[in-house]
Asks: 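First, the structure itself, so that you have it in front of you.
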Amino acid sequence: MKALFDLAPRALRLLAPEEAHELTLRALELGAHPNAPPDPPMLATSFAGLTLSNPIGIAAGFDKDARVPDAILRLGCGFAEIGTVTPLPQPGNPKPRVFRLLHDHGVINRLGFNNSGHDAALERLRRRPRQGIVGVNIGANKDAADRIADYVRGIDTFYDVASYFTINISSPNTPGLRDLQDPAALRDLLTRVFASRTKQMDAGKPKRPIIVKLAPDIPEELLVEVLAVLTEQNVDGIAISNTTLSRHGLRDSNAREAGGLSGRPLFHRSTITLARVYRATGGRTPLIGIGGIDSGGAALAKIEAGATLVQLYTGLIYEGPSLIGRIKATMADAVRRHNVHAIGDLVGRRADEWAAKPLEG
Ligand SMILES: Cc1cc2nc3c(=O)[nH]c(=O)nc-3n(C[C@H](O)[C@H](O)[C@H](O)COP(=O)(O)O)c2cc1C
């Protein structure tokens, strides 16, 4: 089974990206995947009050409708994140809307939050065993009259089944969504979202961490203001980053497509932004490092730049699921080499170095 799975990335590349993705989800739904061995204790870590057996997850967008969170955990991830889900189902943008950049090991997507809506995802999450960490990434419908109300609905709807929430205000494919990263709008959004969590906690429910996922394209001066709002509102974590609108250094002809760019070409920009956020927040807010992880070395670089957890998506398309095991081996090796106890001891050790690099170097 493992050998078959390692061949999958090449075979899947013969199909259109969305067909390949659907086939992957169906295989996972059928349980046609190898189960990972238990993690060594040195990879265990904690994040905003959650305890994980390892810091690796698959990023949002892979399992938009909560079809396979348990398969993701069995593949060896320390956590899964479903979504982005919006209150009402929506079809997203016209196809084709996902493009591989084979030369650059990247992907451009302009899916536009295609998903089956809250009810369908909630139904699936209610049916699954309450084991493992499964976060819910929430967003707003394209034509919502009050977008912030859609996020509040996300918190209310999934409170009993989510281990944590990610507020996605950084997708470039819903026009105007990234405006919610403007400080005043962000403050309004977070005030309402946290009020909704407080209501749940007043009813005796546990505190669910709330994480905000940012774009890697926020100008430096604005980033300072955004971080001031996130700190003032006491967010439990920050995820950096979503896809980029930058097309710096690409060679593939698909680079002309509109949408968000992910994968290897995003690695540099997202890791530098991660390190800058780590420095600006003094390492006090735990971070999820995302963007262009396609090797053990790249995942370790995110940890050293300041990430407590990492997530990946595009790397899996090019490398297949054996990448997860390879990342763990690299991380375990680094823990031994540096003579520390656990992976968490390496967080941020090279943040200064990363933060000083130019974004488009
Ligand atoms: C096809 C595709 C769909 C995505 N959908 C979402 C989404 O629904 N919500 C979200 O927060 N991020 C979404 N993302 C962004 C990823 O979660 C991640 O932040 C980004 O791809 C960078 O990581 P990577 O380089 O490892 O892919 C999507 C990415 C891709 C490639």
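No experiment lies behind these values; they were computed from the predicted model shown. Throughout, numbering of the chain's residues begins at 1 and tracks the sequence. Scope of the values below: all heavy atoms of this structure, side chains included, with no hydrogens, waters or symmetry mates. In listed order, ligands and their atoms are each counted from 1.
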Asks: Distance only, no hydrogens: is a donor on one side chain within 3.5 Å (strictly under) of an acceptor on the other, for Gln181 and Ser170?
Replies: no

Asks: Is there at least one pair of N or O atoms, one from Thr243 and one from ligand 1, spaced under 3.5 Å apart?
Replies: no

Asks: Minimum heavy-atom separation for His33 to Ala71, with atom names?
Replies: NE2-CB, 3.7 Å

Asks: Using a 4.0 Å heavy-atom cut-off, say whether Asn137 meets ligand 1 through its side chain, its backbone, both or neither.
Replies: side chain

Asks: Give me the nearest non-hydrogen protein atom to atom 9 (N) of ligand 1 as residue plus atom name, then the distance to 0.1 Å.
Replies: Thr84 OG1, 2.7 Å

Asks: Within ligand 1, which atoms have a heavy atom of Leu266 less than 4.0 Å away?
Replies: 22 (C)

Asks: Which residue holds the protein heavy atom closest to atom 21 (O) of ligand 1, what is that atom called, and what is the gap in Å?
Replies: Ser262 CB, 3.2 Å

Asks: Ignoring hydrogens and angles, state whether a donor on the side chain of Asn173 or Asn109 is under 3.5 Å from an acceptor on the partner side chain.
Replies: yes

Asks: List every atom of ligand 1 that sits less than 4.0 Å from any heavy atom of Gly292, numbering the atoms from 1 in the order shown and giving each element.
Replies: 24 (P), 25 (O), 26 (O)

Asks: Any nitrogen or oxygen of Tyr313, side chain or backbone, less than 3.5 Å from one on ligand 1?
Replies: yes

Asks: Quick one: do the Ser53 and Asp39 side chains pair a donor with an acceptor below 3.5 Å?
Replies: yes

Asks: My understanding is that we take every heavy atom of each candidate and find the minimum distance to atom 15 (C) of ligand 1. Doing that for Asn242, Leu261, Leu312, which one comes out nearest?
Replies: Asn242

Asks: Quick one: which of Leu180, Leu190, Asp182 gives a side chain to side chain contact (heavy atoms under 4.5 Å, CB included) with Ile169?
Replies: Leu180

Asks: Just by distance, no angles: are the side chains of Ser270 and Lys302 close enough, under 3.5 Å, to form a donor-acceptor pair?
Replies: yes

Asks: Atom 18 (C) of ligand 1: which of Val98, Ile290, Leu214 has the nearest heavy atom?
Replies: Ile290

Asks: Below 4.0 angstrom, N of the basic side chain to O of the carboxylate: do Asp146 and Arg192 qualify?
Replies: yes

Asks: Restricting to non-hydrogen atoms, name the atom on Gly76 and the atom on Ala36 that form the minimum distance, rounded to 0.1 Å.
Replies: CA-CB, 3.4 Å

Asks: Using a 4.0 Å heavy-atom threshold (strictly under), name the region of Ser170 that reaches ligand 1: side chain, backbone, both or neither.
Replies: neither

Asks: Under a heavy-atom criterion of less than 4.0 Å, does Gly260 contact ligand 1?
Replies: no

Asks: Quick check on contacts: which atoms of ligand 1 are under 4.0 angstrom from a heavy atom of Leu111?
Replies: 1 (C), 3 (C)

Asks: Is it the side chain, the backbone, both or neither of Thr314 that has a heavy atom closer than 4.0 Å to ligand 1?
Replies: both

Asks: Test of understanding: clusters of I, L, V, M, F, W, Y form through side-chain heavy atoms closer than 4.5 Å, transitively. Do Tyr151 and Leu88 belong to the same one?
Replies: no

Asks: Can you tell me the protein heavy atom closest to atom 14 (N) of ligand 1 and the distance?
Replies: Ala60 O, 3.3 Å

Asks: For ligand 1, indicate whether the residue Lys213 contacts it via side chain, backbone, both or neither (heavy-atom separation under 4.0 Å).
Replies: side chain

Asks: For ligand 1, which atoms have a heavy atom of Gly291 less than 4.0 angstrom away?
Replies: 22 (C), 23 (O), 25 (O)

Asks: Check for me whether Arg197 meets the cation-pi criterion with Tyr159, that is, NZ or CZ under 6.0 Å from the six-membered ring centre and within 45 degrees of the ring axis.
Replies: no

Asks: What residue and heavy atom of the protein are closest to atom 8 (O) of ligand 1, and at what distance?
Replies: Lys64 NZ, 2.9 Å

Asks: Where is the nearest protein heavy atom to atom 5 (N) of ligand 1: which residue, which atom, and how far?
Replies: Gly61 CA, 3.1 Å

Asks: I'd like to know if Arg264 pairs up with Asp104 as an ion pair, taking the criterion as any Lys NZ or Arg NE/NH1/NH2 lying under 4.0 Å from an Asp or Glu carboxylate oxygen.
Replies: no

Asks: Applying a strict 4.0 Å limit to heavy atoms, is Ser171 in contact with ligand 1?
Replies: no

Asks: Mind checking whether Trp354 and His268 have parallel, tilted or perpendicular rings, split at 30° and 60°?
Replies: perpendicular

